[in-house]
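What you see below is based on every heavy atom in this structure, not just the backbone, and it leaves out hydrogens, waters and symmetry mates.
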2 protein chains.
Amino acid sequence: MPYSPQHKQQSRQKILASAYRLFTLNGYERITINQIMADCQLTRGGFYAHFSSKSELYTEALKFGTTASPLVLGNLKSLSTQHWLTELFDGYLSIEHIRGIKPCPLAFLSADITTRDRAAKAAYKNAFLGMNKRLLALVKQVMPFTTEQMFALSSMMIGTVAIAKTINDDKVALQLLRATRKTIRLTLNGI
Amino acid sequence: MPYSPQHKQQSRQKILASAYRLFTLNGYERITINQIMADCQLTRGGFYAHFSSKSELYTEALKFGTTASPLVLGNLKSLSTQHWLTELFDGYLSIEHIRGIKPCPLAFLSADITTRDRAAKAAYKNAFLGMNKRLLALVKQVMPFTTEQMFALSSMMIGTVAIAKTINDDKVALQLLRATRKTIRLTLNGI
DNA sequence: AATTAAATATGACCTTTATCATATACTGAA
DNA sequence: TTCAGTATATGATAAAGGTCATATTTAATT
């Protein structure tokens, strides 16, 4: 038996991590299998030992990056829920987030998903619904809040970062991010 | 002198209209010059008599589709501003809008723009700022409203339709659209 | 009708990229 | 150290698409 038994699994995980990051930053068409494999120190050909096609990888990468999202798990348990939520929203609505290398796929892949297959759409939908559920549970600890209110709030945050990322001009981008941060604080009763 | 003097201009306008629609629905990479030219009954080669490259066309098409946006001009002048705004928001946040062939480029091209050149980003930014300005002027006729509030509201609407469009499941998509419609009505003082 | 110059169509080129067949490299066991 | 068989790399293939050179069509003017 050659290679350690986990070797292939490790490669698979590395491919998924690279694919998730690169796809989120660039979309499906702007990233090649070559780039993904090179990013994790592998080469083109071996790819098909792990995935049957590029589009399968896309869906798996999206699942990989959005299940058990670190976003809401966090390790700031020492903080009060209120404080923690503030940190969460402010971080999400920050210029660092939108200019960084770990942007939110819900924001940056929405249009991309539209032209992708059923499986990719399902993965996106699950990610969106999952995030809403987890966030809603948290917000409810602080104040009464409905699923519908949560949907609207999520949409606002996601829309804001999606738009802010397109804007080259930091001044305008910051103004937009700030606007939404303010609005959210008001919505959440001055958290 | 062959052809009527306006002939080339007419062709250009047709190309722009086709490009605008197809790009908005599919993004830059999923549409070929061939498809655009075929869509307006022309052929591939003639393209370069009108535009120097695909990316130039993309930017011009975006400008074409977003300047003097019919969105806010409308012809419902008989209605009160309040009523008119309600119609506008409800139409934007409708399943017909997101499933139709004239979707909002601000919502469906945000991620696409991120990986495009400076000119395309500028066109997107102008479209966004222009829409906000026009909308704000209208909302102000009804109630006090700031630029920042307008930004947050636009982001919410744009985010909502962007997400709703990715969701294959009409039930969930409708729930999401409804949530934002409700929230907007509350925000606008029960318009 | 014939002419002519602009507008459009045709065909070809070259690059990129997904995919696959085949060769090589690796490592645990004998 | 050799073997075996899995994991990865290499090279090839075929298709797609942006671009351009050249041919053809068009209609206002003569």
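- DNA chain D lies under 4.0 Å from at least one heavy atom of each of the following residues of residues 26-36 of chain B: B:I31, B:T32, B:I33.
- Note on ring orientation: taking the six-membered ring where Trp is involved, the planes of B:F23 and B:Y28 are parallel (angle under 30°, cut-offs 30° and 60°).
- The base of D:dT10 does not come close enough to the side chain of A:R44 for any donor and acceptor atom to sit less than 3.5 Å apart.
- The distance from atom CG of A:L57 to atom P of C:dT17 is 16 Å, rounded to the nearest whole Å.
- The interatomic distance linking A:K54 (NZ) with C:dC20 (C1') rounds to 17 Å, in whole Å.
- Distances shorter than 4.0 Å separate some side-chain N or O of B:H50 from OP1 or OP2 on C:dT8.
- Protein atom CZ of B:F51 is 14 Å distant from nucleotide atom C1' of C:dA7, rounded to whole Å.
- With a 4.5 Å cut-off on side-chain heavy atoms, A:D90 and A:R185 count as touching.
- In this structure, CD of B:Q41 is placed 19 Å from P of D:dT25, rounded to the nearest angstrom.
- The side chain of A:S11 lies closest to D:dA7, out of D:dG18, D:dA7, C:dT8.
- One atom, CE of B:M37, and another, P of D:dA16, lie 20 Å apart when rounded to the nearest Å.
- Under the 30°/60° scheme for interplanar angles, the aromatic rings of A:H97 and A:Y92 are found to be tilted.
- Contact between B:M37 and B:T43 at its shortest, heavy atoms only, is CE-O, 3.2 Å.
- Counting heavy atoms from C-beta on, the side chains of B:L153 and A:M156 never come closer than 4.5 Å.
- Taking the centre and axis of the six-membered ring of B:F89, the NZ or CZ atom of B:R181 falls outside the cone set by 45° and 6.0 Å.
- Taking the side chain of B:L42 as heavy atoms from C-beta on, and the options D:dT8, C:dT19, C:dT8, the nearest nucleotide is C:dT8.
- Side chain of B:R116 to backbone of B:D112: a donor-acceptor contact under 3.5 angstrom is found.
- The side chain of A:T43 approaches D:dA9 more closely than any other nucleotide in the set C:dT19, D:dT19, D:dA9.
- Taking atom CZ of A:F47 as the reference point, atom P of D:dT10 lies 18 Å away to the nearest angstrom.
- Phosphate proximity of D:dC20 to B:Y48: absent, as no side-chain N or O sits under 4.0 Å from OP1 or OP2.
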